[in-house]
Amino acid sequence: MPVNLQERWSIGAVEVPTRIVLAPMAGVSIQAFRRQGRRFGAGLVCSEMVSSAGLEHRNEKTFGYLRVASDEHPLAIQIFGSEPRAMADAARMVEAAGADIVDMNFGCPVRKVTKTGAGAHLMEDPVLAGRVVEAVAAAVDVPVTVKMRRGVENGSRACLELGPRLVEAGAAALTLHPRSAQQMYTGEADHALTAELVERVGVPVIASGDVTSRERALAVLEQTGAAAVMVARGAQGNPWALREIVEGESFRPSREEVAAELVVFIREAVRELGEQRAVGFLKKFYGWYLGHGRFPKPFKQELVQLHTTEEVVTRLFAAAPGAAPLVERLESELPAAEDETLLDRLPISVYGGG
Ligand SMILES: Cc1cc2nc3c(=O)[nH]c(=O)nc-3n(C[C@H](O)[C@H](O)[C@H](O)COP(=O)(O)O)c2cc1C
């Protein structure tokens, strides 16, 4: 039977309206990115990885990752750490913040994370990995999920042994990015492993890695029997790729549409991060949005040099005057900021009151 990308599926009791998941990406998957992803057809969106230690120590910046807007659902918030009790506490905060799913990061290859026993290190420590999942699953009512790599070393098949153990410990779905931690992002994702994992577990599997087109999404789903595909780098500055994957039509956005989406994204990022942090955060997005032959290269160079986001917005409107009414329409369709679950509305008990 041909694969239908617009089919509903579920993780526990959480219904996911399409078979496209927008990936967690550190330094990228802020709320603005997730809301945009939902608008363009992602059935599920995910926060970037949030440190359980940061939540435990009531780090203000870490708490900032727990903002949830009404148009994000279903939303997974991803936590990382290796200490079962701290991960369980973090999961409670994530649930209280309004996430529909608590996802755990067992795939981060970065040494700063793995040396603490977290991220991809857990692929090599099945006993601790199982304890972490058990503790998190026992702490919350929402479904808990795990995102894995294939293992640490090149050629590792650790995910095939670990996956079923994590399901036994309480994972309601698994995501597999079938590269080794050593590979980082080089080489290719080996989805033959994803197919094997699907055979071994009775919960939905999400296939992550190298899905950038509808053709590839369909091929991966067919090859693996996975419940959904996850899109990461392919969606950077390119929400139209999500729409194309889900709906099947080729979307070549006009300059006006590109500029309008970028302006809305900039304004949302400023609201979320504050002007000072947003200026640096946004720089990489200019290249991502304006590339693909959409604007001449020097234009991106020019935007990166500007000191305020307001100057960037002014330059974008000057380069694509027709973008202004599009921005107005997009902004009128976004839910008001008051719809957001703000941290100060969370029950004090979650934070221990002080
Ligand atoms: C910039 C960047 C940041 C990422 N951060 C995370 C993260 O916080 N948590 C996670 O589980 N995976 C993270 N990933 C991995 C992606 O979710 C995804 O599994 C990987 O990029 C493969 O998918 P792709 O080929 O579609 O990019 C990150 C990837 C990139 C490129």
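A quick note: this is a predicted structure, and the numbers were derived from the prediction, not measured. Counting begins at 1 with the first residue of the sequence. Values below: every heavy atom of this structure, side chains too, minus hydrogens, waters and symmetry copies. Remember, it's 1-based here, ligands and their atoms both numbered in the order they're listed.
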Is any NZ, NE, NH1 or NH2 atom of the basic residue among [X] and [Y] found under 4.0 Å from an Asp or Glu carboxylate oxygen of the other?
| X | Y | value |
| --- | --- | --- |
| Glu272 | Arg277 | no |
| Glu247 | Arg214 | no |
| Glu331 | Arg267 | yes |
| Asp190 | Arg150 | yes |
| Arg35 | Glu268 | yes |
| Asp125 | Arg131 | no |

Protein contact to [atom] [nearest heavy atom, distance to 0.1 Å]:
| atom | result |
| --- | --- |
| atom 9 (N) of ligand 1 | Gln78 OE1, 2.8 Å |
| atom 21 (O) of ligand 1 | Tyr185 CE2, 3.4 Å |
| atom 26 (O) of ligand 1 | Ala232 N, 3.1 Å |
| atom 13 (C) of ligand 1 | Pro24 O, 3.0 Å |
| atom 27 (O) of ligand 1 | Arg233 NE, 2.6 Å |
| atom 5 (N) of ligand 1 | Ala26 N, 2.8 Å |
| atom 2 (C) of ligand 1 | Met25 CG, 3.8 Å |

Output the list of atoms in ligand 1 that are nearer than 4.0 Å to some heavy atom of [X], sorted by atom number.
| X | result |
| --- | --- |
| Ala23 | 17 (O) |
| Gly209 | 22 (C), 23 (O), 25 (O) |
| Ser208 | 18 (C), 19 (O), 22 (C), 23 (O) |
| Asn105 | 9 (N), 10 (C), 11 (O) |

Can you tell me which portion of Asp210 lies within the under-4.0 Å heavy-atom range of ligand 1? Options are side chain, backbone, both, or neither.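 Looking at Asp210 and ligand 1, atoms from backbone and side chain both fall under 4.0 Å.
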Contact partition for His177 relative to ligand 1, non-hydrogen atoms under 4.0 Å: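 His177 to ligand 1: side-chain contact only, backbone stays beyond 4.0 Å.
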If you draw the axis of the six-membered ring of Phe285, does the NZ or CZ of Lys283 fall within 45° of it and under 6.0 Å from the ring centre?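 Judged by the rule (NZ or CZ under 6.0 Å from the ring centre, within 45° of its axis), Lys283 is not positioned above Phe285.
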Give a yes/no verdict on a cation-pi contact between Arg255 and Phe295, requiring under 6.0 Å between NZ or CZ and the six-membered ring centre and an angle within 45° of the axis.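 Flagged: Arg255 positioned over aromatic ring of Phe295.
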Using distance alone, determine whether Lys147 and ligand 1 share an N or O pair under 3.5 Å.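 Between Lys147 and ligand 1, an N or O pair is found under 3.5 Å apart.
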Is the shortest N/O to N/O distance between Val211 and ligand 1 below 3.5 Å?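 Checking ligand 1 against Val211, no N or O pair falls under 3.5 Å apart.
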Consider side chain to side chain contact (heavy atoms under 4.5 Å, CB included). Of Leu44, Thr145, Val50, Ile11, which one does Asp103 pass it with?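 In the set Leu44, Thr145, Val50, Ile11, the residue that makes a side chain to side chain contact (heavy atoms under 4.5 Å, CB included) with Asp103 is Thr145.
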Heavy-atom neighbours of Gln223 CD exceed 12 at 6.0 Å: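 It does: Gln223 CD has more than 12 such atoms within range.
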